[in-house]
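Proteins come first, then strands; the chains are lettered A, B, ... in the order of their sequence lines, and each starts at number 1. This one's a predicted model, so the numbers in the text were calculated from it and none came from an experiment.
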Number of protein chains: 2
Amino acid sequence: MKRNSRLSAVLHALLHMAERGAPMTSDELAVCLQTNPVVVRRTMAGLRDVGLVTSGRGHGGGWALARPLEAVTMRDIYSALGEPMLFQMGNATESPGCLVEQAVNHALDDAFRDAEAMLIARLGEVTLAMLAQDFKRRFAEHRALYQNKG
Amino acid sequence: MKRNSRLSAVLHALLHMAERGAPMTSDELAVCLQTNPVVVRRTMAGLRDVGLVTSGRGHGGGWALARPLEAVTMRDIYSALGEPMLFQMGNATESPGCLVEQAVNHALDDAFRDAEAMLIARLGEVTLAMLAQDFKRRFAEHRALYQNKG
DNA sequence: TTTCATGTAATAATAATAGTTACGAATTCA
DNA sequence: TGAATTCGTAACTATTATTATTACATGAAA
């Protein structure tokens with residue numbers, strides 16, 4: 001896994017889990033996401049805590065979706081991962097004794113809060129089912145191209 | 001200077017530069033922003049390159065605003081610092097061979113692009129003059145409180 | 001009871017950012 | 001001219017945050 005793009009990676013994982021019927025192990029997901037099994041567990045643990053996925057141990061164990069694709073939005077995932085991903089931009093000092101800084105921080109906070117609100121709203125409009133459908137469309141398109149060429 | 005809050009720090013600096021009539025040296029700004037003079041130079045150099053501030057060497061030199069406060073918005077500063085501050089969230093892989101990932105990234109990019117567009121629009125509505133005025137308001141308020149208490 | 005898989009703590013490695021040191025170049029003033 | 005400033009930058013170090021790894025315990029299934 002790279003950079004701070006955990007959201008992208010997790011969505012990726014969830015769609016692969018959906019394609020598969022049975023649970024996927026941390027090792028399988030780690031290969032899929034090009035990261036380490038322990039990192040997968042740590043990340044998925046957060047999703048399990050809010051009821052988005054389930055985990056099971058022993059034979060036949062692993063990670064599985066806890067809800068149908070239609071009932072999960074990108075916002076759910078974003079929130080489960082701990083929203084401050086972006087937008088944290090904590091203002092310079094936590095103890096704003098300087099009145100200039102108070103004025104600056106107030107204006108910045110306003111703008112960033114609004115932008116994040118819009119982001120969250122947009123993420124809430126897209127379900128995993130929609131993503132899966134978009135994937136299918138791309139797949140069909142890709143296959144058509146492939147058949148044309150050979 | 002702390003964290004990734006360069007935007008906040010720079011706005012802070014510019015307002016202090018405005019209060020003062022004469023240019024401020026990197027050393028003075030460094031004290032004001034609790035950072036290092038070299039860091040100040042590096043940061044301010046970006047603003048100078050887009051014509052927001054001027055720099056002068058030797059006696060009486062230092063940094064000064066190149067435009068009136070009314071003619072600079074928070075967006076100008078945000079852009080000059082290199083927008084990808086937040087929002088960079090580069091999707092997991094740069095070579096998206098996986099169609100699942102393509103679908104995910106497309107959806108995420110849409111949402112983040114819209115949110116950043118809103119952020120930039122909001123930042124563009126606030127001039128440094130407005131921030132200065134808000135500061136004055138806070139100062140008056142503060143002084144009133146102080147006089148009441150003794 | 002052996003094998004498989006998660007749970008988690010502790011540690012190491014990486015990457016991004018910020019801070020330092022050092023010195024060169026340009027400007028002012030005596 | 002020469003000394004005092006002050007920015008301009010490169011090179012290096014330090015710090016911080018994130019990610020990856022190791023190791024082992026816990027629980028479940030065959």
Side-chain angles (χ1 to χ4, degrees), chain A residues 1-10 12-13 17 20 22-49 52-66 81-94, chain B residues 1-10 12-13 17 20 22-49 52-66 81-82 84-90 92-94:
Chain A
M1 210 180 296
K2 287 177 181 178
R3 297 174 152 264
N4 56 7
S5 54
R6 278 163 64 211
L7 179 54
S8 168
V10 168
H12 189 179
M17 284 163 56
R20 173 94 65 100
M24 289 182 74
T25 68
S26 302
D27 286 52
E28 288 170 327
L29 288 172
V31 170
C32 171
L33 300 181
Q34 302 178 56
T35 184
N36 191 286
V38 177
V39 175
V40 171
R41 285 184 206 124
R42 280 202 288 246
T43 304
M44 300 299 279
L47 302 199
R48 183 198 49 215
D49 292 347
L52 289 170
V53 301
T54 60
S55 64
R57 307 203 220 199
H59 288 89
W63 302 93
L65 289 171
L81 292 178
E83 322 206 356
M85 282 179 87
L86 295 310
F87 293 104
Q88 57 201 3
M89 104 101 36
N91 308 116
T93 57
E94 297 303 327
Chain B
M1 211 179 295
K2 286 177 183 178
R3 298 174 150 262
N4 55 5
S5 53
R6 278 163 63 211
L7 180 54
S8 168
V10 168
H12 189 179
M17 284 163 56
R20 171 96 64 103
M24 289 183 73
T25 68
S26 301
D27 286 51
E28 288 170 328
L29 288 171
V31 170
C32 171
L33 300 180
Q34 302 180 55
T35 184
N36 191 286
V38 178
V39 175
V40 171
R41 286 185 205 123
R42 279 203 290 244
T43 304
M44 299 299 280
L47 302 198
R48 184 197 49 216
D49 292 346
L52 290 169
V53 300
T54 59
S55 64
R57 306 202 220 201
H59 286 91
W63 303 93
L65 289 170
L81 292 178
M85 282 178 87
L86 294 310
F87 293 104
Q88 57 201 3
M89 104 97 43
T93 57
E94 297 303 326

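- Atom-to-atom, CZ of Arg48(B) to P of dA26(C) comes out at 13 Å; the value is rounded to the nearest Å.
- In terms of phosphate contacts, Thr35(B) brings no side-chain nitrogen or oxygen within less than 4.0 Å of OP1 or OP2 of dA18(C).
- For Ser26(A) and dT6(C), the shortest distance from a side-chain N or O to OP1 or OP2 is below 4.0 Å.
- What separates CE of Met44(B) from P of dT9(D) is a distance of 15 Å, to the nearest Å.
- The side chain to side chain contact (heavy atoms under 4.5 Å, CB included) test applied to Val38(B) returns Asn36(B), Arg41(B), Arg42(B), not counting sequence neighbours.
- A straight line from CG of Asp27(B) to P of dT5(D) spans 11 Å, rounded to a whole angstrom.
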Taking protein heavy atoms under 4.0 Å as touching, what does nucleotides 22-30 of chain D look like 5' to 3' if B marks base contact, S marks sugar-phosphate-only contact and - marks none? B---BBBB-
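- For Trp63(A) and Thr54(A), the side-chain atoms include no donor-acceptor pair closer than 3.5 Å.
- The two residues Leu33(A) and Ala13(A) come nearest to each other via the heavy atoms CD1-CB, 3.8 Å.
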Begin with the C-alpha distance, continue with both residues' side-chain angles, and end with the deciding distance and a verdict on side-chain contact (heavy atoms from CB on, under 4.5 Å) for Thr43(B) and Val10(B). CA-CA 8 Å; Thr43(B) 304; Val10(B) 168; 3.5 Å; yes
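- In this structure, Pro23(A) and Gly60(A) approach most closely via the heavy-atom pair CG-O, 3.7 Å.
- In this structure, CG of Asp49(A) is placed 15 Å from P of dT6(C), rounded to the nearest angstrom.
- When the P atom of dT17(C) is taken as reference, atom CG of Leu7(B) falls 15 Å away, rounded to whole Å.
- The heavy-atom pair separating Met24(B) from Glu28(B) by the smallest distance is CA-OE1, 3.3 Å.
- If you take CZ of Arg6(A) and C1' of dT18(D), they are 9 Å apart, rounded to a whole angstrom.
- A donor-acceptor contact under 3.5 angstrom links the side-chain atoms of Arg42(A) to the base of dA20(D).
- At dG7(C), one or more side-chain N or O atoms of Ser55(A) fall inside 4.0 Å of OP1 or OP2 (strictly under the cut-off).
- Leu81(B) places its CG atom 15 Å from the C1' atom of dA18(C), with the value rounded to the nearest Å.
- The nearest pair of heavy atoms linking Leu81(A) to Leu7(A) is CD1-CA, 3.6 Å.
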